[in-house]
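To start, the structure itself, in structure tokens.
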2 protein chains.
Amino acid sequence: MGVTVKDVARVAGVSTATVSRALRGFESVDPAVRAHVLDVAQRLDYVGSPAAAALTTGKAGSVGLITPFVDRLGFQRMLAGIESEMRGSDLDLLLHCTGDPSEPHPVPPHKRLARRVDGFIVLSISADSRDLEQILRLGMPVSMFGSRGADTSSVRVDDRAGASRAIDHLVDLGHRRLGIIYGREAVDAGVLEHEMHVGVRDAAERARISLDQNLIVAGDYTTSGGAIAMEQLLAGEDPPTAVFAFSDEMAYGAMRTMREHGLVPGRDIDLIGYDGHPMSDVLDLSTIELPFEEIGSTLARNLLDELQTPTGTHRVVTLPTRLAVRGSTTGASAP
Amino acid sequence: MGVTVKDVARVAGVSTATVSRALRGFESVDPAVRAHVLDVAQRLDYVGSPAAAALTTGKAGSVGLITPFVDRLGFQRMLAGIESEMRGSDLDLLLHCTGDPSEPHPVPPHKRLARRVDGFIVLSISADSRDLEQILRLGMPVSMFGSRGADTSSVRVDDRAGASRAIDHLVDLGHRRLGIIYGREAVDAGVLEHEMHVGVRDAAERARISLDQNLIVAGDYTTSGGAIAMEQLLAGEDPPTAVFAFSDEMAYGAMRTMREHGLVPGRDIDLIGYDGHPMSDVLDLSTIELPFEEIGSTLARNLLDELQTPTGTHRVVTLPTRLAVRGSTTGASAP
DNA sequence: GTGAAAGCGCTAACAC
DNA sequence: GTGTTAGCGCTTTCAC
């Protein structure tokens, strides 16, 4: 239905094989011939059919991005990183959301995807996920974030150190009674949630302070969840003087609750978040900043490299976090 | 390299044509045969090759999402809407960012994409964009947001009414001296920026108040741009008593500037944004809420419908906005 | 260095 | 209702 290699070959007066070779820049083609073919192709406005190429080569020419969610703040930044890294490569990006991990898919989607892509970038699906297993079973190159890679290249954040850093900061400001707003229960070791808890515990131990189990509440990683969690913390008879929320979004919710109670972060209760969203600057929220764009670009780079030179080795990169101190942690409320 | 129709056909004892028909649920296949084929395919773990199917049918089995940015707050919500609508359809989503419209691409990407997809969803590329023209020239189904559709299905927001609503709200609170933080200069009529300005002007005229050109400043749609814009407004000899920012992000920046000046939104100066990001609730920022998810799902639905039943008619949907009044607009600062 | 020919895996006519 | 056959547009041996 469009211009094909045949057309180009005919007009250029060469065989389709030569066209194919010339277009892909093979050394073996006579420079003069190549130039001619390129010229003709250009004039004819020739665009190759990826489907046909895929069929013959077995390479799909694209990579799949698997993510459980698409509307979380960090996602877009990772995506931006992935995107910018992939531009330039001639691979397309196929987006696939798995949605809520709890409800199963009628048709496991990865089978279908598998034939459409040459490799996967997988964003933080919990390690026990059936989805993840299925993807790994495919035996294709996988670059993943979040869960510690079973046998793939992976990018992770040193969440343990990051969580410790948050606690250290609060302790340094003089706090002894800390509230923790975590996301969800940790299922597996090695997973974000688990690492964060360990980081918190370690830091507390090092500081020789004990954590009151009543001050450790879940916030479901949402703003409203964070708001409710803060309510719980305030409702107790002995509220914390400082709070660490495992995500900025939950911290935002906590701020809202504080405001409703006439409390000011950094004056009445210190509050620190985790993620480092741009908004936190505006809200004057101290936080642990994660390098989302870099996570994304590293994920993409790892996969591209693996696709290009399929050595069996995998790359495991751990990226650091950074403490951003703002007005929400001043120590004013410390004993 | 995998199980093919031939394998299934051989094992099931039928022809490849029958397998193909059975797998796609054609009525013409004997129910018993179909069941058998399905069973065999299942047992053999057969997954069709999209490339081969695409080659024969001419249908790519996917749609392309074209967007100039990926890290803007509204994007992810539109994406979520698109995604949820597309799930269920067996079409894949191919993401493509055009990046900054100012720097041109060495290879126009849409030509390549065009052979990979059956249609496009295009997010707010300015109407004069060469990219947009090229996509339209392809003659493929296009569902677009932002620019008024030349000859495509499109989804737009009634930005004129939305902007008017914001001004009305401020006027209702008693304000007469209004500051405007817009994004960029409006190039074309029909485009968001233009509509917003018209909406503002109309509302001002209706209220019989005149807008001071010195109080109309650009914020570049970024938080920092909004902050700078607010600086400019405050620097004047006669600052506004209320400000309307054309995006929430710019309003956030404006809030930061205000805080730095010891000013409180809703007390010293009223402030209203535009977009309705979740964060605005936390920041207690009044705003005009846009239905991003619905925009996304409508975009997807329009395209899917057009792909399914290629009647030449296009659908143009205009979605309404909603005023969310919060603590940043109280009228306290009105004369 | 280049061409001829054989497919890649599937679907669409056309017979039966 | 089902099988046969001929491609879709490209790449890739294998000759030359």
Side-chain angles (χ1 to χ4, degrees), chain A residues 1-38 40-41 44-62 90 92 111-118, chain B residues 1-41 44-62 90-92 111-118:
Chain A
M1 103 143 152
V3 183
T4 74
V5 260
K6 266 188 194 157
D7 300 317
V8 178
R10 188 166 28 72
V11 174
V14 295
S15 74
T16 60
T18 299
V19 172
S20 175
R21 289 188 278 245
L23 256 27
R24 287 179 301 158
F26 278 32
E27 290 298 334
S28 60
V29 182
D30 185 303
V33 175
R34 181 189 6 247
H36 181 223
V37 169
L38 253 50
V40 171
L44 261 46
D45 206 27
Y46 168 77
V47 185
S49 154
L55 190 54
T56 38
T57 60
K59 259 81 187 62
S62 58
D90 53 348
D92 289 310
K111 290 277 175 58
R112 255 190 51 220
L113 258 190
R115 312 219 39 171
R116 276 197 168 280
V117 302
D118 301 316
Chain B
M1 103 139 151
V3 182
T4 75
V5 259
K6 268 189 194 157
D7 299 317
V8 177
R10 190 166 27 73
V11 174
V14 295
S15 75
T16 61
T18 299
V19 171
S20 175
R21 289 187 281 244
L23 256 28
R24 288 180 298 159
F26 278 33
E27 290 297 334
S28 60
V29 182
D30 186 304
V33 176
R34 179 183 16 241
H36 181 223
V37 170
L38 255 50
D39 181 53
V40 170
L44 261 45
D45 206 28
Y46 168 78
V47 186
S49 154
L55 192 53
T56 36
T57 59
K59 258 82 188 60
S62 58
D90 53 349
L91 269 54
D92 288 310
K111 290 277 174 59
R112 255 190 49 221
L113 257 190
R115 314 219 38 170
R116 277 196 167 282
V117 302
D118 301 316

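Computation of the quantities below employed the complete heavy-atom set of this structure, encompassing side-chain atoms and omitting hydrogens, waters and symmetry-equivalent molecules. Quick note on labels: first sequence line is chain A, next is B, and so on, each numbered from 1.
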| task | Determine whether B/Val47 and B/Val3 make a side-chain contact, defined as any pair of heavy atoms from C-beta on separated by less than 4.5 Å. | result |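 No, side chains not in contact.
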
If I take atom [atom1] in residue [X] and atom [atom2] in nucleotide [N], what distance separates them, rounded to the nearest angstrom?
{"X": "B/Arg116", "N": "D/dG9", "atom1": "CZ", "atom2": "C1'", "answer": "14 Å"}
{"X": "B/Arg10", "N": "C/dG9", "atom1": "CZ", "atom2": "C1'", "answer": "14 Å"}
{"X": "A/Leu55", "N": "D/dC8", "atom1": "CG", "atom2": "P", "answer": "13 Å"}

The complete set of side chain to side chain donor-acceptor pair (under 3.5 Å) pairs with one or both residues in residues 48-58 of chain B, sequence neighbours excluded, reads none

Output all residues satisfying salt bridge (Lys or Arg N to Asp or Glu O under 4.0 Å) with [X], sequence neighbours left out; order by chain, then residue number.
{"X": "B/Arg24", "value": "none"}
{"X": "B/Asp90", "value": "none"}
{"X": "B/Asp30", "value": "none"}

Indicate yes or no for a side-chain donor-acceptor contact from A/Asp118 to the backbone of A/Ala60 under 3.5 Å, with no hydrogens or angles considered. yes

The helix from C/dG1-D/dC16 to C/dC16-D/dG1: angle between terminal helix axes, five bp per end, to the nearest 10 degrees, reads 30°

Show the atom names and distances, to 0.1 Å, of all donor-acceptor pairs under 3.5 Å that link a side chain in residues 33-41 of chain B to residues at least two apart or in another chain.
unit_1, atom_1, unit_2, atom_2, d
B/Arg34, NH1, B/Phe26, O, 2.8
B/Asp39, OD2, B/Arg43, NH1, 2.8

Quick test of your reading: applying salt bridge (Lys or Arg N to Asp or Glu O under 4.0 Å), list the pairs with at least one residue in residues 3-20 of chain B, sequence neighbours left out, ordered by first then second residue.
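Every pair satisfying salt bridge (Lys or Arg N to Asp or Glu O under 4.0 Å) with a residue in residues 3-20 of chain B: B/Asp7-B/Arg10.
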
For DNA chain D, find the residues of residues 27-36 of chain B with a heavy-atom distance under 4.0 Å and give them by number; none if there aren't any.
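Of all residues in residues 27-36 of chain B, the ones placing a heavy atom under 4.0 Å from DNA chain D are B/Ser28, B/Val29, B/Asp30, B/Val33.
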
### Message
Could you work out, with side-chain contact (heavy atoms from CB on, under 4.5 Å) as the rule, every residue matching B/Ala53, not counting sequence neighbours?
### Response
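B/Ala53: no side-chain contact (heavy atoms from CB on, under 4.5 Å) contacts found.
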
* Asked: Who pairs with B/Thr18 by side-chain hydrogen bond (donor to acceptor under 3.5 Å, both in side chains), at least two apart in sequence or on another chain?
  ->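 B/Ser15.
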
>> Is the phosphate of D/dG3 approached by B/Thr18 (side-chain N or O, under 4.0 Å from OP1 or OP2)?
In response: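 So the side chain of B/Thr18 is within the cut-off, an N or O lying under 4.0 Å from OP1 or OP2 of D/dG3.
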
Distances under 3.5 Å only, N/O to N/O: pair up the protein atoms with those of nucleotides 10-13 of chain C.
unit_1, atom_1, unit_2, atom_2, d
C/dC10, OP1, B/Tyr46, OH, 2.4
C/dC10, OP1, B/Ser49, N, 3.2
C/dC10, OP2, B/Val5, N, 2.4
C/dT11, OP2, B/Ser20, OG, 2.7
C/dT11, O4', B/Thr56, OG1, 3.2
C/dA12, OP2, B/Arg24, NH1, 3.3
C/dA12, OP2, B/Arg24, NH2, 3.3

